[in-house]
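Data first, discussion second: the structure below is written as structure tokens.
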Amino acid sequence: MMGDLNFAVRYPFTSAAKELLRSEGLEAATDEIIEMAVQRIIDALNGKARKNVYANEEEKKKDLLAYAVARVMLGYLRNSYLTNKFAVNESKKIRSFLDDEDDEVVDAVANELGISSLERNGEMLVKLPVFLRFTPRSPHYQLINRKIRGGFVTITKNEKKRMVEEAARKHMVKIPLVKDPPERIILAAKRLLAELPKVEVKRVAQLEGSHPPCIAELIDSVKRHQNIPHIARFYLAVYLIGIGLSDDDIVSFFSNLPDFNEKITRYQVGHARKKRYAVPSCTTVIGYGLCRANCGIGNPLNWHKRAKEVTV
Amino acid sequence: MNLNERRYILSRFSDYYSNADFRIKSIERREFGVGNSKKIDSRHLAFGSVSEFRGYLTANTPLFVSHSAAYYHFPAATPIEKKQRIGADLIFDLDIHAEGKYAVYSRLDEAKQDVIRLLDEFLLGDFGLSKNDILIVFSGNRGYHIHVTDSEYLLLEGDERREIVNYVRGEGLRYEDFFEWGEEVPKKLYGPRPDEGGYRGRIARSIIEDPTRLAPKIFADEGRRRMFIEGIKEGDWSRSSMKLSDIPKKVANIARSLPVLSVNADAAVTHDMSKLIRVPNSIHGETALIARIVEDVEKFNPLDDALLDKKRQLSVVFNEDVPPLEIAESTFGPYKKGEKKELPESVALFYILKESASMI
């Protein structure tokens with residue numbers, strides 16, 4: 001049992017961990033544990049892959065629960081930026097645990113994630129599609145540079161660990177939707193969103209300049225990785241085109257959106273530019289429900305005249 | 001193609017579809033698209049069964065019909081994210097490019113030879129796939145589509161599929177790196193053995209087959225040839241009087257023929273899983289040729305085996321000069337502009353859809 005807990009706390013996505021969690025249940029999530037979960041996500045945002053030290057079994061259980069609560073929170077928030085950061089950070093932790101493990105433990109974790117290898121003539125082999133799915137797309141892992149035979153690719157022990165890391169990341173990115181988690185978790189999740197640090201976006205002069213309040217708020221939301229409605233995205237995109245940003249700059253800015261999809265964004269921004277959509281008048285923006293200040297400039301682009309900015 | 005011709009052609013397509021042999025894996029999970037003015041005018045169609053699909057094709061016969069490489073929970077849903085992809089077949093698109101309207105049809109055998117190599121060397125060899133999970137289909141025009149339906153490949157994402165295409169096309173391969181010098185004096189050259197997998201084994205086997213390509217004079221001699229080959233079998237490429245340092249470069253030259261370059265590197269259908277591919281055994285609306293499922297690649301001859309109907313005749317007048325064409329087991333043409341001719345119907349439809357002739 002103790003062995004199970006040690007294993008589960010390191011590899012909280014495994015069935016052994018789920019088994020333990022099932023017996024505990026989310027009801028066991030105290031305020032302390034919820035706080036640990038929030039901290040775990042914030043650590044991920046800051047890229048702190050810290051390995052916890054445990055004084056006793058109780059602390060291990062708490063840590064395992066905190067992982068589960070964090071997942072529930074992420075499943076509730078559906079913010080892919082947060083989920084991605086979390087998955088990257090957790091999978092890095094897993095990798096550093098794996099580096100200290102015996103082969104049997106590595107194999108057990110790998111098997112859970114669908115990475116089974118076999119030995120032939122002293123070589124470690126994985127199936128080709130498995131190799132492709134769980135290796136990073138870097139020159140080192142290019143298929144063309146690999147020893148391939150009969151559907152199997154030769155890998156090293158270290159490469160297998162790297163594959164487990166990648167598989168764990170992919171596993172954690174696919175988070176199930178949680179519709180109504182316990183109220184305390186919802187509250188903590190909302191608090192987490194509010195505390196989200198703004199990350200540095202690519203510095204584009206036009207974005208740094210002064211903007212009408214409606215636009216300023218949208219820019220702020222995007223920088224905080226919050227979701228904004230479709231019409232707001234359209235308005236923002238047309239405005240950014242209007243003040244002279246390139247498609248690349250707009251797409252890179254929109255990449256902060258939690259459900260960012262580069263292909264769709266690029267198409268839509270390109271389309272708006274091609275169609276020469278005019279920046280909507282203030283009346284239209286009021287109609288969108290996006291007006292924030294009634295600044296009376298007639299058209300949002302007039303803001304710059306009023307503010308005597310030279311960024312246009 | 002005028003309205004009359006279109007009506008006639010579609011009625012002939014419809015006749016074919018009433019009995020066509022469709023073998024669409026999990027048809028109820030596929031999205032369909034049909035086209036008349038272009039290859040796909042409308043998509044997001046779905047059919048619960050082959051008979052439903054057949055009913056649609058015979059009643060609303062299109063010039064082109066395609067289905068998704070992907071399997072979806074909700075194939076008819078829009079936008080695409082709502083379809084919920086389950087997986088997608090891995091598709092290879094092989095085609096021949098040639099100048100002019102007709103040049104490509106005398107070169108279809110090149111595509112076929114590449115299909116054979118792709119199949120034997122790569123899909124069955126390196127990738128260890130089973131024949132049951134591979135569908136070879138004539139595209140109906142200038143090449144072939146290979147559908148891989150192996151369940152482990154279904155889950156691959158776009159960039160992972162691109163890796164496979166790069167592999168098959170030998171992109172980024174440096175054959176020189178296959179060789180290394182030993183420590184002994186005089187230095188020996190070590191390289192790939194014929195029993196190795198992948199490109200290493202392939203290049204070794206290719207050289208063993210005919211060493212004279214490396215050095216015509218030296219290996220004209222039976223004894224020298226044999227000694228060299230025996231060495232390669234053990235990975236020792238030093239057993240010849242050739243200047244050893246020349247070998248890697250010469251091998252690299254010969255190796256250029258090993259990848260399958262007619263596999264389309266940028267085929268959207270390979271790496272973009274939202275794309276549609278011509279339905280196997282449907283008709284290509286630019287040629288009236290059937291995108292025939294190929295059972296025996298060696299024996300398959302598209303301009304004979306993919307014809308719609310060999311019995312009926314149809315009279316046409318040519319609108320332009322056309323070169324001779326080997327089709328339907330004989331040679332047709334050349335034809336001059338203004339020439340009237342009674343032709344086998346499938347050949348006539350081919351010229352009409354190519355806009356070289358009109359019905360009379």
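This structure is a prediction, so every number in the text was calculated from the model and none was measured. Each chain gets a letter, A, B and so on, in the order the sequences are listed, and its residues count up from 1.
- Annotation for B/E180: atom CD does not count as buried by contact number, only 12 or fewer foreign heavy atoms lying within 6.0 Å.
- Of the two parts of A/F131, neither the backbone nor the side chain holds a non-hydrogen atom closer than 4.5 Å to a non-hydrogen atom of chain B.
- For A/L132 against B/E163, the heavy-atom pair with the smallest separation is CD2-CB, 3.7 Å.
- Other residues, nucleotides and ligands place more than 12 heavy atoms under 6.0 Å from the NZ atom of B/K25.
- Ranked by heavy-atom pairs under 4.5 Å with chain B, the list A/K263, A/Q142, A/R146 is led by A/Q142.
- Residue A/V130 touches chain B through its side chain alone, counting heavy-atom pairs closer than 4.5 Å.
- Near-neighbour residues of residues 161-173 of chain A relative to chain B, defined by a heavy atom under 4.5 Å from a heavy atom of that chain, comprise A/K170.
- In this structure, CD1 on A/I144 lies 10.5 Å from CZ on B/R169, to the nearest 0.5 angstrom.
- With respect to chain B, the highest number of heavy-atom pairs below 4.5 Å among A/I148, A/T135, A/T154, A/V153 belongs to A/I148.
- Here A/T83 pairs with nothing under the side-chain hydrogen bond (donor to acceptor under 3.5 Å, both in side chains) rule; sequence neighbours left out.
- Checked by atom type and distance alone, the side chain of B/E152 never pairs as donor or acceptor with a backbone atom of A/P129 at under 3.5 Å.
- Within 6.0 Å of the NZ atom in A/K93, the count of heavy atoms belonging to other residues, nucleotides or ligands exceeds 12.
- Within residues 189-200 of chain B, the residues having any heavy atom closer than 4.5 Å to a heavy atom of chain A are B/D195, B/E196, B/G197, B/G198, B/Y199, listed by residue number.
- Among residues 123-135 of chain B, the residues having any heavy atom closer than 4.5 Å to a heavy atom of chain A are, in sequence order, B/G125, B/D126, B/F127, B/G128.
- Atom CD1 of B/I164 is separated from atom CG of A/L143 by 7.0 Å, given to the nearest 0.5 angstrom.
- Minimum interatomic distance between A/I264 and B/E81 (heavy atoms only, all atoms of both residues): CD1-OE2, 3.5 Å.
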